[in-house]
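Data block below; observations after.
This structure is a prediction, so every number in the text was calculated from the model and none was measured. In the text below, chain A, chain B and the rest are named by the order of the sequence lines, each starting its count at 1.
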Amino acid sequence: MSNGAPATVDLQELGVSRKKVSPLVLTLLSVFFGLVIGGIVLAVAGYDPFKAYWVILVGTFSRPKYIAYTVIYATPLIITGLSFAFANKTGLFNIGAEGQFIIGAIAAAVLGYYLHLPPVLHVLACLLVGMVAAAVWGGLAGYLKARFGVHEVISTIMLNWIALYLNNYVVSVIKTAEHLTNPTTPMIRSSARIELFAVWKDSAAGQAWRGVHPFWDDILRTPFNLGIVFALVFAVVVWFILNRTTLGYELRAVGYNRFAAEYGGINVKRSMFFSMAIGGALAGAAGVCHVLGWTRYIAELAASEGYGFDGLACALIGSSNPFGCILGGLLFGTLKYGGSKIQNELGAPTEIINIVIGMIVFFVAMPKLMSLLINQFRRGENHVR
Amino acid sequence: MQQRVEILKTLYRGADILILDEPTAVLTPQEIEDLIKIIRNLTAEGKTVIIITHKLKEIKAAADYCTIIRRGKRIDTVRVDGVSEHELAAMMVGREVNFSVNKEKQACGDCVLQIENLVVRDNRGLPAVKGLSLNVNRGEILGLAGVDGNGQRELVEAITGLRRAESGSVSVNGADVTNDTPREVLDAGMSCIPEDRQRRGLVLDYSVAENFILETYAEAPYSKRGILDREAIGKHAGELIAKFDVRPPDGKHKAGSLSGGNQQKVIIAREVSNDPDLLIASQPTRGLDVGAIEFVHQSLVEQRNRDKAVLLVSLELDEIMDLSDRIAIIYEGKIVGIVDAKDADEKAIGLMMAGGTVRHE
């Protein structure tokens, strides 16, 4: 063996250091790439991508009404995004926001019609029951994971389908009982509505006021509702629970390292249940807000509407940060609402727009989804060992 | 066992250059001697052997030349005959190291930890601890010596509530804690420095300050009515960081960004500040440099000197011999002998670790 001094290389002297890219930059870059590739798809399909994106911009921001609609589209996605983000921060993959959303919507539609309560109380009752029901729905998956080791992705996907058919069953029962022709539930009572000035704005006094206030008139043309306020409140509450409470401390500890959490005396199984239950309650709240604020009834569903899955994408865009979810939701609202304008302006079919949206989601979500899945995989391995 | 097979396999294949990375962790002293003999034979045949180890004794016994590296840099390459163990240690750490542990003799008090006929299964469902009984008293360090894989891990996990015991009992200060939850065991006055500090001991994505309250987050002053008190948490972190010289001295750093020695300091600071009656230290110096080892040893002896009970589980026989008041030897899930440290004989202990019996003459 030679005794000569080996060449030593000091990485720091060479200025080599591993710099982390800020998540915000990464996300914006991903959105940009998504728009570029989406634009190429548009161009290949024979539509001018610049014109298409211009239409989206104008169609989203040029009138108060458009902005209001964008917010309305974004509201349920922000809340389901929070649902996914909450479970994700605690190490669980809540793909069941879809089903939990439906459970909340069922509760809101049924109680919104059958309960007779004064206005504010009626809304709170719907919200409470919807959230509790969805918490049970989500908590069930958490319980199955804690008690029997059933992976939450499997159980929540199944629960999504059960929720879908439960929705159709409830709708058909109520339809028959109320002698309705369409497969829907009846409209909720006005006391349960959270649309802004829902009744007043169509009254004589309201019409007169709107006549002299064109800006507000434009907004009141839309079903602009309190859902966005609930969404913002939920974001703050989620942030507070995660970062400032002992419950959040427990849940995040379990999410980061369940073995250390267990060693520190944290009840890991209870945490799994709570995490899924709170995630479920949030997704349920999204369903409640959606029904009370916009649709006012539920209909028979052939397939999932995708609020849960889109919320998952919003949370990924927002790095599972509660406030990131708001931005992710607004971006989605813009694409969904603004994108729908391309059809009229350019004659492009909706499918093309969905491909563009898909591209953006793909690029935004891919790096994070990958790392998430890798982490899930690693966690699984640890579990087996 | 797996490692022994690896060593054999490499030898059998007739490699010209043999690289051994910490080859002795799973061997008894006698086996280490045999291994060193084999290494000597190989070098005599003209083969090249590179040993990566942190045990100075092995370097002295086996190597011709020694290259010391510290924090990714080569410090020096020296002829082994030309340097003492102390000089080697100083080069490894960058300062003088004090090996001897100050330990006054003291009388042990009452029994703190009492284990009776404990049976624990391992991950494969096979019995790993097979009817083990052991007492640890106040004011003593009981060293548990044994080759890796003889039930030490399962024993510690069962005592601390992380693994179910099949039968038998564990009690702390006379109160039964068999199969209690980790929370209840903690509350009974037991703290543990876990074997795997990154997997069990720390939440690496949490800050140092957050890791300090891993067991006490739900208690005043760190939280009130379920709301965390960040000021109290930060103050607590500042105190422990100053007292235990954690570097960098900032509680906001993520635990994962600290060096292994400083991570261990965080764990020891947390466990000692619980003021436990019983401290279990499981491989507390594994993977640490000589300077950090010195610190860990001092902390353990300090606990003992404060009339607390310490159970030291280690694969390093030297460490056990240096620190313990009594030494229990575990072999295949049972205690095969308990000796007083002052008349302990390394050869005899090594024999028991390998399953042999000591004949008294």
- [ ] Could you tell me how the ring of A:Y256 sits relative to the ring of B:Y206: parallel (under 30°), tilted (30 to 60°) or perpendicular (over 60°)?
- [x]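 A:Y256 vs B:Y206 ring planes: perpendicular.
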Task: Geometric class of the A:F323/A:W239 ring pair [parallel <30°, tilted 30-60°, perpendicular >60°] - done: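 Correct class here is tilted.
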Contacting region of [X] [heavy-atom separation from chain A under 4.5 Å]:
{"X": "B:R197", "value": "neither"}
{"X": "B:L186", "value": "side chain"}
{"X": "B:E184", "value": "neither"}
{"X": "B:I17", "value": "neither"}
{"X": "B:R124", "value": "neither"}
{"X": "B:E219", "value": "neither"}

Among [options], residue most engaged with chain A (heavy-atom pairs, under 4.5 Å):
{"options": "B:V203, B:T160, B:I213", "answer": "B:I213"}
{"options": "B:E157, B:R225, B:E271, B:Q198", "answer": "B:E271"}
{"options": "B:G161, B:P182, B:S223, B:G226", "answer": "B:G226"}

If we only count heavy atoms from C-beta on, is the [X] to [Y] side-chain gap below 4.5 Å?
{"X": "B:I193", "Y": "B:Q283", "value": "no"}
{"X": "A:Y263", "Y": "B:P194", "value": "yes"}
{"X": "A:N257", "Y": "B:D205", "value": "no"}

Task: B:S282 backbone acceptor or donor facing B:E195 side chain under 3.5 Å - done: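 It does not hold such a pair.
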Open item on the list: Check whether A:T80 reaches the backbone of A:A283 with its side chain - one donor and one acceptor, N or O, closer than 3.5 Å.
Closed with: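 No; zero donor-acceptor contacts below 3.5 Å.
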Task: Options A:R244, A:E250, A:E262, ranked by heavy-atom pairs under 4.5 Å with chain B, top entry - done: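 Of the options given, most contacts go to A:R244.
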Task: Proximal component of A:N267, with respect to chain B [non-hydrogen, under 4.5 Å] - done: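 For A:N267, no heavy atom lies under 4.5 Å from chain B.
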Open item on the list: Is the distance from the ring center of A:Y249 to that of B:Y217 below 6.0 Å?
Closed with: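 For A:Y249 and B:Y217, the ring centres are under 6.0 Å apart.
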